[in-house]
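Throughout, a chain's letter reflects where its sequence line sits, starting with A, and its residues are numbered from 1. Keep in mind it's a predicted model, so treat the numbers as computed, not measured. All values below were derived from every heavy atom in this structure, side-chain atoms included, with hydrogens, water molecules and symmetry-related copies excluded.
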Amino acid sequence: MNFALSEDHLMLRQSARTFLEKEISLARVLVPGATVADADYEANWSKIAAMGWPGLVIDEAYDGLGLSCIDLAMILGEMARTLAPSPFLGTLFGAWAVQKGGSEAQKKALLPAVAAGSTKLALAVADASGAVDPPSHEATARKRGQSWGLTGAKSFVIDAAAADWLVVAAQEEGGNRAFFLLEANQPGVQVDLLPWRDVTRQVADVRLKDAVGERLAADDATLWPWLRDRVLFALATESAAGTQRVMEMTVDYAKERMAFGRPIGSYQAIKHSLADMLGQVECSNAATLYAAWALSENHARGSLAAAMAKAYTSDAYMAVSQRSIQIFGAIGFTWEMVNHLYFKRARANAELFGSARAQRARVIDMVERKAA
Amino acid sequence: MNFALSEDHLMLRQSARTFLEKEISLARVLVPGATVADADYEANWSKIAAMGWPGLVIDEAYDGLGLSCIDLAMILGEMARTLAPSPFLGTLFGAWAVQKGGSEAQKKALLPAVAAGSTKLALAVADASGAVDPPSHEATARKRGQSWGLTGAKSFVIDAAAADWLVVAAQEEGGNRAFFLLEANQPGVQVDLLPWRDVTRQVADVRLKDAVGERLAADDATLWPWLRDRVLFALATESAAGTQRVMEMTVDYAKERMAFGRPIGSYQAIKHSLADMLGQVECSNAATLYAAWALSENHARGSLAAAMAKAYTSDAYMAVSQRSIQIFGAIGFTWEMVNHLYFKRARANAELFGSARAQRARVIDMVERKAA
Amino acid sequence: MDFELPGEDHPKRQEIRAWFEANPHPSGLALAQAGFAVPHWPRPWGLEADAELQLIIDQEMKRAGVHVPRNPVAINNCAQSLLTHGTEAQRQHFLWPALSGEHTWCMLFSEPSGGSDLGNLRTVARLDGDHYVIKGHKIWTSLAHKAKVGVLVARTDPDQPKHKGLSEFLVDMDTPGIRVRPIIDMSAHENEYNEVFLEDVRIPADRLLGKEGEGWALCTTQLQTERVALSRPGAIWGHGPSARELVEGLAEIRALADGAIRDEAAQIFVEGEILRLLACRALSDRMNAKAPGPEGAIHKMLAAPHGQRVVDLAKRSQGARGMIAGEKPFPSQLAGDDPYDDWDYAFWFSQAVTLGVGTQEVLKNVVAERMLGLPRELDPTARLPWAEARRKQA
Amino acid sequence: MDFELPGEDHPKRQEIRAWFEANPHPSGLALAQAGFAVPHWPRPWGLEADAELQLIIDQEMKRAGVHVPRNPVAINNCAQSLLTHGTEAQRQHFLWPALSGEHTWCMLFSEPSGGSDLGNLRTVARLDGDHYVIKGHKIWTSLAHKAKVGVLVARTDPDQPKHKGLSEFLVDMDTPGIRVRPIIDMSAHENEYNEVFLEDVRIPADRLLGKEGEGWALCTTQLQTERVALSRPGAIWGHGPSARELVEGLAEIRALADGAIRDEAAQIFVEGEILRLLACRALSDRMNAKAPGPEGAIHKMLAAPHGQRVVDLAKRSQGARGMIAGEKPFPSQLAGDDPYDDWDYAFWFSQAVTLGVGTQEVLKNVVAERMLGLPRELDPTARLPWAEARRKQA
């Protein structure tokens, strides 16, 4: 047993941090009215791709690095610390879906290009209400010889407008649910950017009208639970790392900012808030790393661990990023400071793929089933 | 319009405070192991009866003072400030039931003696689960010529062991629900004191076996909602006044107690807690006085006001009395200090006749019905 | 005690209503001259109205669809100081344009280095012949981008302790040397606040309000909104949606079926109703001629986080859709005239309500110190000459 | 990273299990001599065990139904100081009876006037020939009513600043002049704490532990429980019911059908699981030879209110029945050996967990100052000679 990170993991994290601190700037997003279009989204992707990160979790057989969820957590967390806008997350979700659910041919056709950074993906699960569990099937798939025709609407699709290929949950005639692979650049696919409050992330609606696709090999019943656990873990990892970054910058500010002749961090109201924040950071990190380990090991508690991590980190990130604005005072509420970007990422991560409360409902269901 | 208390009310409150501060002592309850039997329960009653308080809300026609719920709030609040152990509350609940639900003969027979302090009452509504809404009818009533025979069990009956007469909710053969008046001192009535944590209040189980009683004239459907609103208001009034008393003594302590060379009340963690307490006190008082006014006026919002007051004051009293123990530090957790008596009264009041959450459920039901 | 508000047949109400029936579309000047801009002021500006009459006027204006001229800084905060501290010339020059809404006012108080420690401000005003020359940098100035008149606090004597060397001025906002920069906040909405840069701004010496050194007393009085807080239950400083509208909205989208949301909504609803009662009690206190005290602080201490809870639950009820800019949580609740009536804007702006006009921490100190008599926070800089204290901190 | 605890086939585990199979009912002395009382200590007292071996020993003792001798003050807090600061004679006289449970120990630290400011204590020890004479009043002393040995902190030099003039002594609790008075707390349960009055108590000078003036360093070390906190998820300082048992109990009485309770229970469950992980991480840190730091404070800062939430929800699930003394919330969960296993007692005692061994406020200061580097709270009395500081406050 060893609950601590290994030297290798710490080094991986440190090298990612060094790289990102040097390469990523939010300056252009901190201009009022900025959107993700101003966020160096494509340029960041080129840098990230050059590091080989798109292939992190792709098997070595498909030219990836074949790393575990723990390794991924090191790098994904660092990206979330800087909020680095890029199509990394959508591509990651898509790569997971193809790697777990795709046929050998599908994997061979797509994954090496993804690992090389030349192909980007996105995963379309939710409908306009945001519901994902089970995946919405407002989209339907109709068999057309060897291929399928997809029609319907998806929403909250991360990085859809950047993606070359979409992985879409849809319902077959007859009612089976499955995932389908679609080329994004075809007449039947329309992608509309959402005016998303988290301007460091690209999120879009996708409308399909007889779009041509192929079906992933795996059943929905196999693929979705596996995929969902990883998606939740990834969002939790982002949230935990963001929480820690917000705490750190708030502590720094509280040491410097003076009021009535002393640093504001010497007032108990601030001081105790920061101690509470550290507690939330410690808990977020513990929950997330446990999920990373459990998913890496395909442990029986993986689903539970991922749901717990998403539940805890969602609330903690929202609370800490909100408290951070309060401690910075009015300046922390302006567009020109980073505080609001974290606050918005926190709230967006909390809602995507099921809120903290929805995750807690799943946790208690799992615990009851186990007890029964 | 005038949301402030009148001079008359303020004087009534002040005279009650002066009397109680002089006459009531909790010294014998502050000895470890003390129960309500040590609490000068009967002696306090004699003093209170001599003040005419048992007749406060009884109509002048039955030798009472015929005062309103606002007047009552002045005196009941003061009793709750000192936690004055006595059979006042049970007698009040019983008197309300008889006055609203009794026949002219029943009122004539009982109320003058109650007003004079020579007869005490208790109201038995809940069953062993504590449920009251609607009143439990684990007790059944069987017609025996002019009188009724009652059998069954009641729990959480305030002041039952002191009462000369019990007012009992029961179910008639055929299923009608009603309230019945029973002499306590008869073979079919057994009263067992509960080992109640709030040792400033007497609470008992009542077992009935063919006990002889008579039916109150009013229907359950008329009487219970009227009675319930007043019971909730009375408990809320106690809680609001207790909250204020706890805040005051905690503020005093925080000004005197030194740590690290300065009063603990100069530390923001304590100071801000006390400001929060004052906020809770202000809200509790506003909610309670509004309920007092609405019930005095038989206003359409009376039920809503009583439920809101019970909901708010239950949570506030629990929170403030708990925080008080924390601010006093370890000494505040010993039996010899009064803090725990308020904490226990807070929790008992919160649970009796439906918790804060149960009241909130009623509030939102009423709001929805009104909206519909 | 009587919790009924003045009824339909109240004689004063009849009188007011008759005025609005006779003047269905009054100009700002007409409203001001009728005394409706500041009914609690003495004549000729107001009607010497008690709190009840103020409430009636508010209700009747609402009924007539008429608004007081939008000039909150003048009408709620600052203009009243001219009655007691202004010269007759200042009153004649400034008051009617302020009350009629012709001249929008703004408050040039806060500074970037100050935060809660407003008294530590650095802007200086130096007397130079018959002018003051002002140099400094203000921030969080509402309405500066629309204002004709700025009420400015500046340091006239740096060798006094920080609260003693301040003075207040009435500044024409188009004086050369004044530059206004809008601050866009996280809501991305049209700016609420501005920065104001003052670079050798020369103003006539008769624009000094009161005497030199009275600036701190004037501006702290002005920051306590003087006009009785009428029943304003909205989430954002009394404006915008309230807990009642939250519950109606949640009922409409059937969100109250969820037990946890139902309980949370009920809790917020109860809180909101109690805050209404507290606001009415403050009104009664005014009617009973009780002087306004620090209860304003306790009301804001309770109302600000309550308002945040109102808009937060509405936002969470939207799920992921709540992150789409401009998305409305409840279909049938359309935005009214007030920008805060927009639920989405109200949510993203709501972080400000525990920051503006005293942070939540400062309010709790005020409540604990002034209402409960707890020991004051130490301020080692309070008694030193300001310039010396500043050197020490540098 | 590897979150699996040492498995059934771990060789050390086999060895330990064999010992317990050979010694099914070991005496306290046998356990101590086998090194199981303090496995992390050097031989002959312990086994120089690392954290993993300690965990295995804990689990195997539990499996064998055997308890470490109940002497927490000696075993967890104080006796280890004798290894480094005691004389050989002190070690020989005190250690085996302490580790075998023959002599119960108690800590005579806190005083009524002190509260969180322990260093301000007033009990004095005056050297008189070859004895110290002790005079003072201690409070919150666990086990004083059962103890044979008291570890006492007293002031030996009032002219030093408050933390510098303290010394520590090993006191026989049956020395004339010591009177123990039990403190009954709000739970009405058998007393957990005592007051101890010391009236001219004469003890041999060789009962001084370490040197004069080292008392503060010794007692602050002893207050940090030194033995690795193993996976103790109970609500009351690691003992008693945990969040898992709460959820099982609520399921049993069908309370989880209520949406609001279900969500609250889930929240507490998640918190409890995370606290388990944090405890295990501390264990890993010990195994990786990372010195224990202030994480103990953060763990208690999180675990204490968590424990209160566990017992509070259980209590509320009882409704009015929860106010009946001794009433159990969940039918099938019977109390075990530990008194805190009783849900009702655990609830009424639970107010203490945010007070004992550092109040929640003091812990937050420690976390903020020592882990985040925030400025320390001012203590104007810290550097003055204690006697002078005391005169100033009087």
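- Salt bridge absent: D/E264 and A/R360 never bring a charged side-chain N and a carboxylate O closer than 4.0 Å.
- At a 4.5 Å heavy-atom cutoff, A/R362 makes no contact with chain D through either its backbone or its side chain.
- Looking only at heavy-atom pairs under 4.5 Å with chain A, the residue among D/I298, D/V247, D/N365 that has the most is D/N365.
- For A/I270, no part lies near chain D; criterion is any non-hydrogen pair under 4.5 Å.
- Of all the listed residues (A/A309, A/S266, A/A356), the one sharing the greatest number of non-hydrogen pairs under 4.5 Å with chain D is A/S266.
- D/I274 and A/A286 make their closest contact through CG2-CB, 4.3 Å (heavy atoms, listed as atom of the first residue, atom of the second, distance).
- Interface remark: A/D8 contributes no atoms to any contact with chain D (heavy atom separation under 4.5 Å).
- The contact between D/V270 and chain A is made by backbone and side chain atoms together, counting heavy-atom distances below 4.5 Å.
- Of the two parts of A/M247, only the side chain, counted from C-beta on, holds a non-hydrogen atom closer than 4.5 Å to a non-hydrogen atom of chain D.
- Atoms CG and SG, from D/L275 and A/C283 in turn, are 5.5 Å apart once rounded to the nearest 0.5 Å.
- Nearest heavy atom pair, residue A/G279 against residue D/L302, reads CA-CD2, 3.9 Å.
- Neither the backbone nor the side chain of D/Q360 has a heavy atom closer than 4.5 Å to any heavy atom of chain A.
- Distance check: A/Y290 OH to D/L278 CG gives 13.0 Å after rounding to the nearest 0.5 Å.
- In terms of non-hydrogen atom pairs under 4.5 Å with chain A, the most contact-rich of D/G259, D/G7, D/A266, D/A251 is D/A266.
- For chain D, the nearby part of A/I70 is the side chain; its heavy atoms alone come within less than 4.5 Å.
- With rounding to the nearest 0.5 angstrom, the CE atom of A/M308 is 12.0 Å from the CD atom of D/E271.
- In this structure, A/K271 contributes its side chain and D/P375 its backbone to a donor-acceptor pair below 3.5 Å.
- When heavy atoms are compared at a cutoff of 4.5 Å, D/R244 approaches chain A solely by way of its side chain, counted from C-beta outward.
- For the pair D/K364 (side chain) and A/Q268 (backbone), a donor-acceptor distance under 3.5 Å is absent.
- Within the 4.5 angstrom heavy-atom criterion, no atom of D/A297 approaches chain A.
- For a residue to count as touching a neighbouring chain, one of its non-hydrogen atoms must lie under 4.5 Å from one of that chain's; by this rule D/L256 touches chain A with the side chain only.
- The two residues D/L372 and A/A275 make their nearest non-hydrogen contact at CD1-N, 4.2 Å.
- Closest approach of A/A254 to D/L374, counting heavy atoms only: CB-CD2, 4.3 Å.
- For the set A/V363, A/L274, A/N285, the count of heavy-atom pairs under 4.5 angstrom toward chain D peaks at A/L274.
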